[in-house]
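First the structure, in the form of structure tokens, and then the observations on it.
Atoms within each ligand, like the ligands themselves, are counted from 1 in listed order. FYI, side chains are in, hydrogens and waters are out, and symmetry mates aren't considered; it's all heavy atoms of this structure.
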Amino acid sequence: MKTRANFPLQAFNSLNVPAVTAEIFLPSTVKELSEITTDKALRSYILGEGTNTLFCQAKAPTIIKPRLMGIEVTENDEYFQVSAACGENWHNLVLFCISHAIYGLENLALIPGSVGAAPVQNIGAYGIEVSDFIERVTWYDFAEKKLVDFSNAACQFGYRNSIFKQALNGKGIITHVHFLLPKAWQPVDSYQGLNTIISPVTPQAIMAKVIQLRQTKLPDPKLLPNAGSFFKNPLVTEDFFHALQQQYPKIPYYRQQSGEIKLAAGWLIEQAGLKGFRDGGVGVHENQALVIINYDSKHGQDIVALSVYIQEKIMAKFNLHLIPEVRFIGADGELSHTNRGCQ
Ligand code: EPU
């Protein structure tokens, strides 16, 4: 297996923050994965394409960056089953499916990151979440040194959440994701922006529109380093929402099946006057206030400081606590979002 010592991670995170790990493992097979000692594996951070990771300190923990590759398709009368290895690029998987006339994932086109990372935070966009199409996930258990299959229900998917981010965080690694895509395709085109597609509404037309919307609103990390949405959209109670709506009649909101109301964090940040705000080398994007840009800072701590400032402004104006979607990594591992002590 490929391993490297004192490895620089700046090119391995889309916020372009310099950080160095003492050791990085790059396993290409499950066998190579099993060669990493349990002790070491349990102290490592698993890095996909680094599009949702903020290195807060100059030093990073031991890294495991899986490179398992491959996509396999089987089918029955009703479904395609697509199994993809964790190291595949997410958007390439979407393109692969569309080019093989396997439809359903088109709304998730152009989301940065790897296949293995997709279930961890249950990526979602334009009306669907990846959990809508996951049949099961294969996960390698560091302590037991064996593969375990998790059914969709066992993954405990929620909004930007799953068991892999909660109880199983750091305890193993997703090796393969198995998708079930119905042959009877149903378009999901009600999200604002998609409902303007001129019929016939085809998977290709949805994908083209999604790509166009993302390219207009979301900055390219290669040009303006960022990690997509920095915060989750907050979920609030009906009562809390009604009070807010009295004060801000134009507030965008999305009613959830749970009865909660999802608010748009980007809108809240814009209302707080922070759209386009700059603080030294970091700032809030001019077109989408939910995105933090690292213009030219060399310190992850500058991004932490800006995110805390945004949280404070939102708390003061709306009495709401924004929770980062991005994962904060210190020298010794993941930091909880309430721990601001990383220097
Ligand atoms: N809005 C503003 N100002 C802003 C940004 C947004 O007023 O600066 C308003 C918009 O006008 C709209 C609402 O807020 O009424 C929602 O905005 P948008 O449709 O852009 O989506 P979002 O809620 O900001 C979420 C996801 C994105 C995903 C889009 C599209 C989260 C945290 N983010 O963003 O996911 O692409 O919906 O489905 O759920 C990501 O996770 O990295 C990501 C980009």
TODO: Kindly say whether Arg160 contributes a backbone atom to a donor-acceptor pair with the side chain of Lys165 at under 3.5 angstrom?
DONE: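 It does hold such a pair.
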
#### Entry: Polar side-chain atom of Gln256 near backbone of Ile261 as donor-acceptor pair, under 3.5 Å
no

Would you say [X] contacts ligand 1, with heavy atoms under 4.0 Å as the rule?
{"X": "Tyr254", "answer": "yes"}
{"X": "Arg160", "answer": "yes"}
{"X": "Arg214", "answer": "yes"}
{"X": "Gln121", "answer": "no"}

What is the closest protein heavy atom to [atom], and at what distance does it sit?
{"atom": "atom 20 (O) of ligand 1", "result": "Gln288 NE2, 3.1 Å"}
{"atom": "atom 9 (C) of ligand 1", "result": "Trp267 CB, 4.0 Å"}
{"atom": "atom 8 (O) of ligand 1", "result": "Ala289 N, 2.8 Å"}
{"atom": "atom 38 (O) of ligand 1", "result": "Tyr126 N, 2.7 Å"}
{"atom": "atom 29 (C) of ligand 1", "result": "Tyr191 OH, 4.0 Å"}
{"atom": "atom 3 (N) of ligand 1", "result": "Glu270 OE1, 2.6 Å"}
{"atom": "atom 43 (C) of ligand 1", "result": "Ser229 OG, 3.0 Å"}

Backbone or side-chain N or O of Asn233 under 3.5 Å from ligand 1 N or O |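 Between Asn233 and ligand 1, an N or O pair is found under 3.5 Å apart.
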
If you measure every N/O of Ala264 against every N/O of ligand 1, is any gap under 3.5 Å?
no

The remaining residues in the hydrophobic cluster of Leu147, counting side-chain heavy-atom contacts under 4.5 Å among Ile, Leu, Val, Met, Phe, Trp and Tyr, are Met1, Phe25, Val30, Leu33, Ile36, Leu42, Ile46, Ile64, Leu68, Tyr140, Phe142, Ile173

message = Strictly less than 4.0 Å: does any protein heavy-atom distance to atom 11 (O) of ligand 1 fall in that range?
response =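 No; the ligand atom in question lacks any protein heavy-atom contact below 4.0 Å.
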
message: Strictly inside 4.0 angstrom of atom 31 (C) of ligand 1, do you find any protein heavy atom?
response: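 Within 4.0 Å: yes, protein heavy atom nearby.
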
Anything under 30° is parallel, anything over 60° is perpendicular, the rest tilted; go ahead and classify Phe150 against Phe164.
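Rings of Phe150 and Phe164: perpendicular, as their planes differ by over 60°.
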
- Task: Classify the angle between the aromatic ring planes of Tyr191 and Tyr126 as parallel (below 30°), tilted (30 to 60°) or perpendicular (above 60°).
- Result: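 Aromatic pair Tyr191/Tyr126 classed perpendicular.
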
Check this for me: does any side-chain nitrogen of one of Glu23 and Lys40 sit under 4.0 Å from a carboxylate oxygen of the other? yes

If the threshold is 4.0 Å, N to carboxylate O, is there a salt bridge linking Arg255 and Glu238?
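Salt bridge flag = yes for Glu238 with Arg255.
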
Would you list the atom pairs, donor with acceptor, under 3.5 Å between side chains in residues 206-224 and any protein atom, with sequence neighbours excluded?
{"residue": "Thr216", "atom": "OG1", "partner": "Gln212", "partner atom": "O", "Å": "2.5"}
{"residue": "Asp220", "atom": "OD1", "partner": "Lys222", "partner atom": "N", "Å": "2.9"}

Would you tell me whether Ser162 and Asn122 have side-chain atoms, one donor and one acceptor, within less than 3.5 Å of each other?
no

Exercise. For residues Tyr45 and Thr21, is any side-chain donor paired with an opposing acceptor at under 3.5 Å?
Worked result: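 No, no side-chain donor-acceptor contact under 3.5 Å.
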
